[in-house]
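Take a look at the structure below.
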Amino acid sequence: SENSKDVILRRLLNIAEKESKGPVAFNVIYKKLSFDHRKKYQYEEVKELIKKLEELGLGSVSKGPREGFLFKAEKPWPTG
């Protein structure tokens, strides 16, 4: 069974994939999370989780305008 960390990581990746072929602002990704996820994870935590996706080699984080961060999904969530 997937742990809750995997569930949220996969959700974040899916949102980024659906939003754009290019980089998506972290706050845009955050706003697309379900109410339950937003209750459970603060924005700061979500930022760390998105950076984790980069560490896992699933996408890349870049600096956006006005100190924001952008995430570009580059690979699908690994299955199996």
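Remember, predicted model here, so these are calculated numbers, not experimental data.
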For this session: Say whether Tyr43 and Ile8 are linked into one hydrophobic cluster, either directly or through other cluster members, by side-chain heavy-atom distances under 4.5 angstrom.
Result: yes
For this session: Give a yes or no answer on whether the side chain of Glu48 reaches the backbone of Glu45 with a donor-acceptor pair at less than 3.5 Å.
Result: no
Exercise. Should Tyr30 and Leu12 count as side-chain neighbours, where that means a heavy-atom distance under 4.5 Å?
Worked result: no
Exercise. Are Val28 and Leu70 connected in the hydrophobic side-chain network, where two residues link if heavy atoms are under 4.5 Å apart?
Worked result: no
Exercise. Do Ile29 and Leu56 belong together in a cluster built from hydrophobic side chains that touch within less than 4.5 Å?
Worked result: yes
Problem set entry | Within residues 18-27 or reaching into it, pairs that qualify as salt bridge (charged side-chain N to carboxylate O under 4.0 Å, His left out) - sequence neighbours excluded | Glu19-Lys32
Exercise. Can you name the residues that form a salt bridge (charged side-chain N to carboxylate O under 4.0 Å, His left out) with Lys75, not counting sequence neighbours?
Worked result: none
For this session: Check whether any side-chain heavy atom of Lys39 lies under 4.5 Å from a side-chain heavy atom of Ser34, and answer yes or no.
Result: no
Exercise. Hey, does Leu33 have a side-chain heavy atom less than 4.5 Å from the side chain of Arg11?
Worked result: yes
Problem set entry | Contact check, side chains of Glu17 and Pro76, non-hydrogen atoms, under 4.5 Å | yes
Exercise. With side chains defined as the heavy atoms from C-beta onward, is the minimum distance between Val24 and Lys72 less than 4.5 Å?
Worked result: no
Problem set entry | Pairwise side-chain contact, Tyr41 with Leu49, heavy-atom cut-off 4.5 Å (strictly under) | yes
Problem set entry | Gap separating the CG atom of Leu13 from the CG atom of Asp6, nearest 0.5 angstrom | 11.5 Å
Problem set entry | NZ or CZ of Lys63 within 45° of Phe69 ring axis and under 6.0 Å | yes
Problem set entry | N/O donor-acceptor pair under 3.5 Å between Glu74 side chain and Leu58 backbone | no
Problem set entry | Short N-O contact, Lys47 and Glu44, less than 4.0 angstrom | yes
Problem set entry | pair Leu9-Lys5: side-chain heavy atoms closer than 4.5 Å | yes
Exercise. If you round to the nearest 0.5 Å, how far is NZ of Lys51 from OG of Ser60?
Worked result: 14.0 Å
Exercise. Measuring from Ile15:CD1 to His37:NE2, what's the distance to the nearest 0.5 Å?
Worked result: 8.5 Å
For this session: Calculate, to the nearest 0.5 Å, the distance between atoms CG and NZ belonging to Asn27 and Lys31 respectively.
Result: 4.5 Å
